[in-house]
Amino acid sequence: MKVAEEYPGLYEYANFELPQEELFLPGHGLCASCTIGVIARHMLKVLGPDTIVVNPTGCAEVSTVVYPRTNWAVPWIHVAFGNGGSVASGIEAAIKVLKRRGVIDPNRKINIVVFAGDGGTADIGFQALSGMLERGHKVIYVMYDNEGYMNTGIQRSGTTPFGASTTTAPAGKKVPGNVTHKKPMVAIAAAHGIPYAATANPAYVHDMVYKFKKAAEADGPAFLHILQSCTPGWRFEPKYAIRVLELATETGYWVNYEIDHGEFRVTVPVPKRKPVKCFLQLQGRFRHLKPEEIDTIQALIDKDVAEINRIVGREVIGPVDPGLECLTPRGAR
Amino acid sequence: MSAQLIREKEKIIKQKRIALTGNHAVALAVKMARAEVIAAYPITPQTPVVEKLAEYVNNGELDAEYIPVEAEHSAMSAVIGASAMGARTFTETSSQGLGHMYENLPIAVGMRLPIIMGMAVRTYSAPINVWGDYSDVMSMRELGWIIYITQNAQEAFDTIIQAYRVAEDSRVHLPAVVAYDGFWTSHVLQPLDVPEDEEEVIRFAPITRSWVKLDLDNPAQLGAVGTPEWYWEIRWQAVEALRGSTKVIEEVDNEFGRRFGRRYGLVSPYMLDDAEIAIVTYGSVYGLVKKAVNKLRSEGVRAGALRLRVIRPWPGDLIAKYLGNVDKIMVIDRTINHGGPLYGPMATEIATTVQRPVYNVLATIGMRAIDSDMIYEAAMKVYRGLWAPGVPYTVGLRGGYE
């Protein structure tokens with residue numbers, strides 16, 4: 001791959017083959033074009049059948065495990081909203097002792113994954129996540145980030161971006177929607193000294209599955225922050241579910257990177273950025289924004305991109321090129 | 001009859017007498033029951049339990065995983081996860097700690113996980129009070145846990161062992177809490193008979209692993225969404241399991257008695273056969289109550305006492321049997337049901353059980369000390385008709401209802 005030569009941080013995706021077996025089964029109740037299914041399906045393809053899924057309260061839970069049906073062909077547990085990290089800690093501890101006592105085959109490699117939304121991770125589940133990371137439980141924590149409490153009807157969360165209109169941070173005459181910007185969850189997770197933390201985006205599926213693999217192979221806790229487009233919450237036409245995610249990366253709004261044992265790598269370089277307006281204008285939640293508010297968001301993105309380039313030591317995310325078309329045909333990038 | 005008097009000669013295993021505090025007695029029972037995952041957060045007055053367990057694990061005396069979690073919400077979550085994986089689990093809490101783990105308590109029930117929790121009881125804030133009353137455990141009554149309230153270190157030790165056997169019985173599969181007085185039991189050094197051969201405990205309560213687990217070879221979904229079409233039926237199974245656990249609790253208690261020489265029953269009656277006044281209570285105060293009963297008897301008042309040991313499931317038949325013919329029933333409640341019908345939760349439940357008003361006395365709130373004379377005086381007021389049934393009275397409260 002040419003890009004890999006230009007950008008030595010990029011993975012060689014070509015050698016990675018996914019199994020045919022489906023462990024996230026069809027027939028779920030997710031919204032049309034919801035990308036949670038894309039994430040869950042690929043996650044289980046990588047992690048395999050010896051995986052235990054801990055699923056805190058959220059869209060994934062209510063739409064995939066409505067008794068007596070389930071979409072998970074692996075053991076799955078939902079306890080509450082704020083405790084994915086601690087439930088997984090208990091499961092991991094139990095597996096350790098049960099292996100020692102000969103109840104579970106000590107050679108069996110079992111993946112434990114917390115599959116949690118942004119509310120269950122960045123907000124109510126923050127403490128349990130931190131405790132789990134700090135204690136070093138070997139758990140893969142996957143945060144699918146649809147940037148709000150979409151399950152309960154589009155309330156703001158700690159990862160809702162600046163300017164998004166939500167039901168608890170509505171765009172009004174005085175306030176232009178949400179006034180905070182996304183909580184930097186990967187930086188926070190990595191600051192616990194864990195071996196692997198990364199961002200991913202289902203529009204870049206090879207990158208995403210590789211990160212699942214890396215997370216499973218990590219010698220301790222792994223944290224994945226995955227952007228997930230949400231039709232009702234972001235208010236775009238269902239056909240744009242992947243396109244809007246592509247634009248997130250193409251505009252530098254979302255950067256796919258990893259922190260592997262402290263080493264920072266951007267895994268999807270963007271030589272030239274589209275203006276963030278391209279990402280925003282596809283979505284109803286930003287429709288109210290005035291040009292100066294869009295400029296504020298562009299400035300936030302520019303600052304983040306500059307910081308990432310500074311860490312990498314070169315311009316891995318390029319400058320904004322206003323000449324780029326927002327909706328280039330798929331495959332043209 | 002006190003429990004220790006019921007000694008059967010057959011098959012009683014060899015024991016040695018040591019001295020331990022209630023907290024350390026509980027830790028020892030958990031160690032002998034070979035708990036596999038312990039998750040806990042310190043809170044007074046239970047802290048010595050989890051400190052001792054950490055010591056056992058770190059000394060290699062107990063092969064378990066000890067998770068020093070960052071809060072009680074996570075302690076209960078971690079033992080739910082571990083129990084769901086099939087491990088024998090333990091946690092312990094008190095007061096605000098229970099409050100912090102509260103949302104997970106009914107979840108352990110709904111998932112039918114045989115988690116055992118110890119509780120050195122303590123009142124709730126505010127004002128901050130680290131001392132023992134029964135506010136915490138009484139706030140769990142509606143959630144579906146088996147609730148034991150023990151009287152002393154020996155009983156706490158024995159009951160932890162019994163609780164594992166009960167909870168993991170395939171007819172039960174419910175979590176259980178073993179409560180005992182904060183400080184009055186948790187921190188007081190008491191004589192304790194423990195088996196010389198620790199294996200006797202695991203022989204009595206082997207780990208069954210018979211509950212529904214996160215089995216990789218037979219994947220199950222625990223905690224799925226229960227729509228209105230299903231929730232009630234599923235919850236009702238837990239309700240029925242709790243009701244049915246009465247039989248298992250008795251069976252296990254009886255067998256424990258045969259093997260270890262001590263049994264306690266669902267309730268402990270004292271001199272009730274001909275009693276015209278009965279004092280009902282729970283926890284360590286029962287000793288004082290019995291002393292007060294002795295004094296009343298010495299003055300010709302036919303008094304008796306009843307100690308509640310298992311309050312969930314509620315042994316209503318047994319309570320009705322013991323108290324049904326007693327003229328005046330005085331219930332000493334050690335927690336306040338703010339604004340409730342009688343202010344005392346057990347008084348309310350006893351009144352419902354015997355279907356007539358009882359005399360409700362609140363005492364030891366926030367661990368305000370009382371003595372047997374104060375109980376005697378309260379009982380005398382009831383006996384002489386100075387107090388009315390169906391209204392709350394207090395013992396030891398400045399400016400209270402007396």
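Small disclaimer: the values here were computed from a predicted structure and weren't measured. Letters A, B, ... are given to chains in the order of the sequence lines, protein chains preceding strands, and every chain is numbered from 1.
In this structure, the portion of B/Asp215 lying under 4.5 Å from any heavy atom of chain A is its backbone and not its side chain. Heavy-atom distances place no part of B/Arg88 under 4.5 Å from chain A, backbone and side chain included. For B/Asn104, the part lying near chain A is the side chain, with the backbone staying farther off; criterion is any non-hydrogen pair under 4.5 Å. Heavy atoms closer than 4.5 Å to chain A are found in the side chain of B/Ile107, but not in its backbone. Looking at B/Ile207, the atoms closer than 4.5 Å to chain A (heavy atoms on both sides) all sit in the side chain, from C-beta outward. Using a 4.5 Å cut-off between heavy atoms, B/Met76 does not touch chain A at all. With a 4.5 Å cut-off on non-hydrogen atoms, B/Ala220 touches chain A through its backbone but not through its side chain. If you measure heavy-atom distances from B/Gln221 to chain A, the contacts under 4.5 Å come from both the backbone and the side chain. The part of A/Leu98 that comes within reach of chain B is its side chain, from C-beta onward, which places non-hydrogen atoms under 4.5 angstrom from that chain. Residue A/Ala73 touches chain B through its backbone alone, counting heavy-atom pairs closer than 4.5 Å.
Contact count against chain A (heavy-atom pairs under 4.5 Å) is highest for B/Met111 among B/Glu229, B/Glu103, B/Met111. Ranking A/Gly82, A/Gly90, A/Pro68, A/Pro75 against chain B, the residue ahead of the rest is A/Pro75, based on heavy-atom pairs under 4.5 Å. The choice from A/Arg135, A/Arg101, A/Gln127 that makes the most heavy-atom pairs within less than 4.5 Å of chain B is A/Arg101. Of the listed residues (A/Ala88, A/Ala80, A/Ser89), the one with the most heavy-atom contacts under 4.5 Å to chain B is A/Ala80. Note on A/Ser130, A/Ala93, A/Gly131: by heavy-atom pairs under 4.5 Å with chain B, the leading option is A/Ala93. Note on B/Ile80, B/Thr227, B/Val69: by heavy-atom pairs under 4.5 Å with chain A, the leading option is B/Val69. In terms of heavy-atom pairs under 4.5 Å with chain B, the best-connected choice from A/Arg108, A/Lys96, A/Glu61, A/Met132 is A/Arg108. Most heavy-atom pairs under 4.5 Å with chain B: of the set A/Thr51, A/Val62, A/Val74, A/Thr64, this distinction falls to A/Val74.
The two residues B/Leu216 and A/Pro49 make their nearest non-hydrogen contact at CD2-O, 3.9 Å.
Summarising the geometry, atom CE belonging to B/Met101 is positioned 12.0 Å from atom CG belonging to A/Asn83; distances are rounded to the nearest 0.5 Å. To the nearest 0.5 Å, the span separating NZ on B/Lys213 from CD1 on A/Ile91 amounts to 14.0 Å. Note that CG of A/Leu133 and CD of B/Glu70 are 10.0 Å apart. Values are rounded to the nearest 0.5 Å. For the atom pair CG of B/Leu214 and CD1 of A/Ile110, the computed distance is 10.5 Å after rounding to the nearest 0.5 Å. The CE atom of B/Met85 sits 4.0 Å away from atom CD1 of A/Ile95, with the distance rounded to the nearest 0.5 Å. The distance from atom CD1 of B/Ile67 to atom CD of A/Glu92, rounded to the nearest 0.5 Å, is 7.5 Å.
Within a 6.0 Å radius of CD in B/Glu142, other residues, nucleotides and ligands contribute 12 heavy atoms or fewer. No more than 12 heavy atoms of other residues, nucleotides or ligands lie within 6.0 Å of CZ in A/Arg69, so this atom counts as exposed by the packing criterion.
Considering only heavy atoms from C-beta on, A/Trp72 stays 4.5 Å or farther from B/Pro219 through its side chain.
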